[in-house]
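Below is one structure; the comments refer to it alone.
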Amino acid sequence: MSHETPPPFSMPMFRAFVPKLVRPWIYVVQAFCFQFSSGMYMGAMNNMIGENAWMREDVLMCLYATLIGMALYFPLLFRMKFHFTNKLLLCVSAAVIIVCNLVALLPLPRPVLWAICVVCGMAKIQGTFENMSNIQLWMTPKRDFGVFFPILHIILLTSIEVSAFLAAEFAFLHHWSLMHWFVCGLMLLVLCVQVGLTKPFHAMPQIVPLKGIDWLGLLLWTALCLQVTYILNYGDWLYWWHSPQIRLLCGTSLLTLAVCLQRMWYHPQPYFEPAIWGYRYVVPIILLIGVVEMLFSCEHVLEMVYYEEVMHYADHIYERLNQWSLPGIWAGCLFSLGWLRLMRWNAYKLIAVGLAVFSLYAAGFYFLADSSQGSEALRLPLAFRGFSYAVLSIALMWCLHEIMSFQHFFQALSIFNILHMFVGGLAGAALHARGLNYYVADGFARYSGYLDEVRLSQTPVDFARYMEQMVENLLAQSVKILFGWTLYAALFFALLMLLWDIPGVRRRVKHMQTWPRVGIQVLGGFRRAQRLRRIRHARKAGSM
């Protein structure tokens, strides 16, 4: 990694009359504006489902398409920054988001809507990056990522929670489309600031050409991510491999993956260079973020089932309750800042702390998820969830930055975010949905034997109300069981990270030989023991 002294902080893109103290704060506000944007807004999900006759999976697919655009655009961020001016990038990003939000209100076919969401995600990450990269030296003059990543996640995670809250409130008070108009207004504000207060400015003295970008590779990786997302998102609804649609997509996604890998290994300038896999620990870090996202998928499956089917909360009630995760997010970001910057402790224990606090969140829902429980009891577990998510996101991104060179960091960050933003969460959501189906069906099979005409005639009840309560109790019980399994998994990985932090264990694990070689050695030792045993028996027989 390069440790050269960075240049002093300045923002020459502003016109002279703009006060220097105000300039970085304008870019902070613009970063929040870009982070509020999306292709579709999940806070108003149920309103969109009811009005457009969509399924929940259709709305979620729009969200994941936006995240795909964000994740896959990372390798292009610096190329665009070094080719275009700061003003042009921000104006184009804002204009694209306006167009995407307006077009998304039209009755379009779902594949067209998903493509629009992918483009919107690309514009969102370009605008956010352009703002944050220009104020990085203002936040940390030494370009210390132990400072930058916590502050960055305060903006990112706060925007996610507030955006969902605003979407739910707009849908409750007026109409879900109001959030789209609100974001268009924010983007118009960005355009006005850029036109009135800034001038064209290049980050590089010489413009870097866009020649050599593997655009076909980007298109192929986007197609692969959309195929995998469709399989994981609609798999439970279509009953997985019983559906010919899922079987066809599995086959075509394997072909797309083969073409992507062939292009990565043999194209002279691939979109993802194979050298990124040669860095030490890059694979464990990327796999660990996938595991973490699978654990956190209970937020989108188990919590939603509990709030909607057991407690019967409306969207705006759930989003109001969910704002209790914000204090946890802020505390987690500040805790990570102190851990990485002030104390400069290693990341193994920080990841273990994040997983341990996540287990407190899972334990809280395990003990408190009940149809008779008030929402006030869930505030502390939600704060634990926000704290752990902030800590783990910062710690894992910091680990990736520490092992990667600048040349390959944004490519690795793109793969990292593919698992971080949607694939890990989708895989976990599919497992949780499968678990819910199993435990609810198992509960019906166990309790249906008690419902017969004799028992019902002894205690006359409202049968419809009785069945409704039975379904609610079975769902609450299934949610508790799955939160229990999630708790076990979180504790296991937390203990694993603490064990990995022991120097003696870590050195031995790092230098452990391959499993075939270990197996050959064990087999050789077993054969030697057999020979020695035969020799001893022969000697005993000869002496007798």
Side-chain angles (χ1 to χ4, degrees), residues 37-42 45 48 52 54-76 96-97 99-101 103-104 106 108-126 213-241 243-264 270-272 286 289-290 293-294 297 300 411 413-430 433:
S37 66
S38 181
M40 285 290 177
Y41 301 92
M42 297 302 104
M45 178 187 293
M48 288 185 280
N52 298 316
W54 288 343
M55 298 190 302
R56 179 180 297 273
E57 288 78 7
D58 298 331
V59 184
L60 288 174
M61 191 69 189
C62 294
L63 168 66
Y64 295 132
T66 305
L67 297 177
I68 288 171
M70 293 176 64
L72 288 176
Y73 197 75
F74 272 92
L76 298 180
V96 169
I97 291 175
V99 172
C100 290
N101 273 265
V103 174
L106 302 176
L108 300 171
R110 287 176 298 174
V112 176
L113 189 58
W114 300 338
I116 291 170
C117 290
V118 171
V119 175
C120 185
M122 292 179 175
K124 175 179 179 178
I125 195 62
Q126 180 68 73
I213 296 177
D214 185 14
W215 297 106
L216 179 58
L218 171 61
L219 184 63
L220 288 170
W221 283 107
T222 303
L224 176 63
C225 289
L226 287 171
Q227 288 172 320
V228 172
T229 301
Y230 189 96
I231 292 169
L232 294 175
N233 185 42
Y234 287 92
D236 188 67
W237 173 260
L238 298 174
Y239 208 60
W240 298 103
W241 285 278
S243 166
Q245 195 173 357
I246 295 295
R247 292 198 298 268
L248 177 63
L249 268 175
C250 287
T252 55
S253 62
L254 290 176
L255 290 175
T256 309
L257 176 61
V259 174
C260 289
L261 293 178
Q262 190 274 341
R263 194 171 185 83
M264 182 175 69
Y271 194 73
F272 292 122
I286 290 177
I289 189 60
E293 288 299 324
M294 289 177 69
S297 63
H300 306 292
Q411 295 184 33
L413 193 60
S414 179
I415 298 174
F416 175 92
N417 279 296
I418 287 173
L419 285 170
H420 177 52
M421 290 183 174
F422 57 95
V423 172
L426 271 169

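Note that these values count all heavy atoms, side chains included, but never hydrogens, waters or copies made by symmetry.
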| Residues forming a salt bridge (charged side-chain N to carboxylate O under 4.0 Å, His left out) with R56, sequence neighbours excluded | E308

| task | Can you sort out the partners of D58 under salt bridge (charged side-chain N to carboxylate O under 4.0 Å, His left out), two or more places apart, ordered by chain and number? | result | R110

Side chains of [X] and [Y]: closer than 4.5 Å at any heavy-atom pair?
{"X": "M122", "Y": "L76", "value": "no"}
{"X": "T66", "Y": "W114", "value": "no"}
{"X": "Q411", "Y": "F74", "value": "no"}
{"X": "Q126", "Y": "V96", "value": "no"}

What pair of heavy atoms forms the shortest contact from [X] to [Y], and how long is it?
{"X": "C62", "Y": "C117", "value": "O-CB, 3.5 Å"}
{"X": "T252", "Y": "L249", "value": "OG1-O, 3.0 Å"}
{"X": "Y234", "Y": "M55", "value": "CE2-CE, 3.7 Å"}
{"X": "T229", "Y": "C225", "value": "OG1-O, 2.6 Å"}

| request: Tell me, with the steps shown, if L72 and F272 meet side-chain contact (heavy atoms from CB on, under 4.5 Å). | output: CA-CA 10 Å; L72 288 176; F272 292 122; 4.1 Å; yes

Could you measure the distance from the [atom1] atom of [X] to the [atom2] atom of [Y]? Nearest 0.5 Å is fine.
{"X": "L238", "Y": "I246", "atom1": "CG", "atom2": "CD1", "result": "5.0 Å"}
{"X": "L218", "Y": "I213", "atom1": "CG", "atom2": "CD1", "result": "9.0 Å"}
{"X": "T222", "Y": "L226", "atom1": "OG1", "atom2": "CG", "result": "6.5 Å"}

| query | side-chain contact (heavy atoms from CB on, under 4.5 Å) between L254 and C250: does it pass, once the steps are laid out? | reply | CA-CA 6 Å; L254 290 176; C250 287; 5.7 Å; no

| query | Does the separation of the ring centres of W221 and Y271 fall below 6.0 angstrom? | reply | no

With sequence neighbours left out, write down each residue that passes side-chain contact (heavy atoms from CB on, under 4.5 Å) with [X], or none if nothing qualifies.
{"X": "V228", "result": "L224, L232"}
{"X": "P109", "result": "P111, V112"}
{"X": "C120", "result": "I97, C100, N101"}

| note | For residues 214-224, the salt bridge (Lys or Arg N to Asp or Glu O under 4.0 Å) pairs (sequence neighbours left out) are D214-R263

| request: Please collect all salt bridge (Lys or Arg N to Asp or Glu O under 4.0 Å) contacts where either partner lies in residues 114-126, sequence neighbours excluded, each pair once. | output: none

Kindly write out the residues that satisfy side-chain hydrogen bond (donor to acceptor under 3.5 Å, both in side chains) with [X], not counting sequence neighbours, or none if the list is empty.
{"X": "Y64", "value": "none"}
{"X": "Q245", "value": "Y230"}
{"X": "S253", "value": "none"}
{"X": "T256", "value": "Q227"}

| said: Using the rule given for side-chain contact (heavy atoms from CB on, under 4.5 Å), can you reason through M40 versus W54, listing the C-alpha separation, both sets of side-chain angles and the distance that settles it, and then say yes or no? | reply: CA-CA 13 Å; M40 285 290 177; W54 288 343; 3.8 Å; yes

[X] side chain to [Y] main-chain N or O, any donor-acceptor pair under 3.5 Å?
{"X": "Y41", "Y": "S38", "result": "yes"}
{"X": "S243", "Y": "W240", "result": "no"}
{"X": "N233", "Y": "E57", "result": "yes"}

Show me the donor-acceptor pairs, under 3.5 Å and distance only, between side chains in residues 413-421 and residues at least two apart or in other chains.
residue, atom, partner, partner atom, Å
S414, OG, A71, O, 2.6
N417, ND2, L413, O, 2.8
H420, ND1, E293, OE2, 2.9

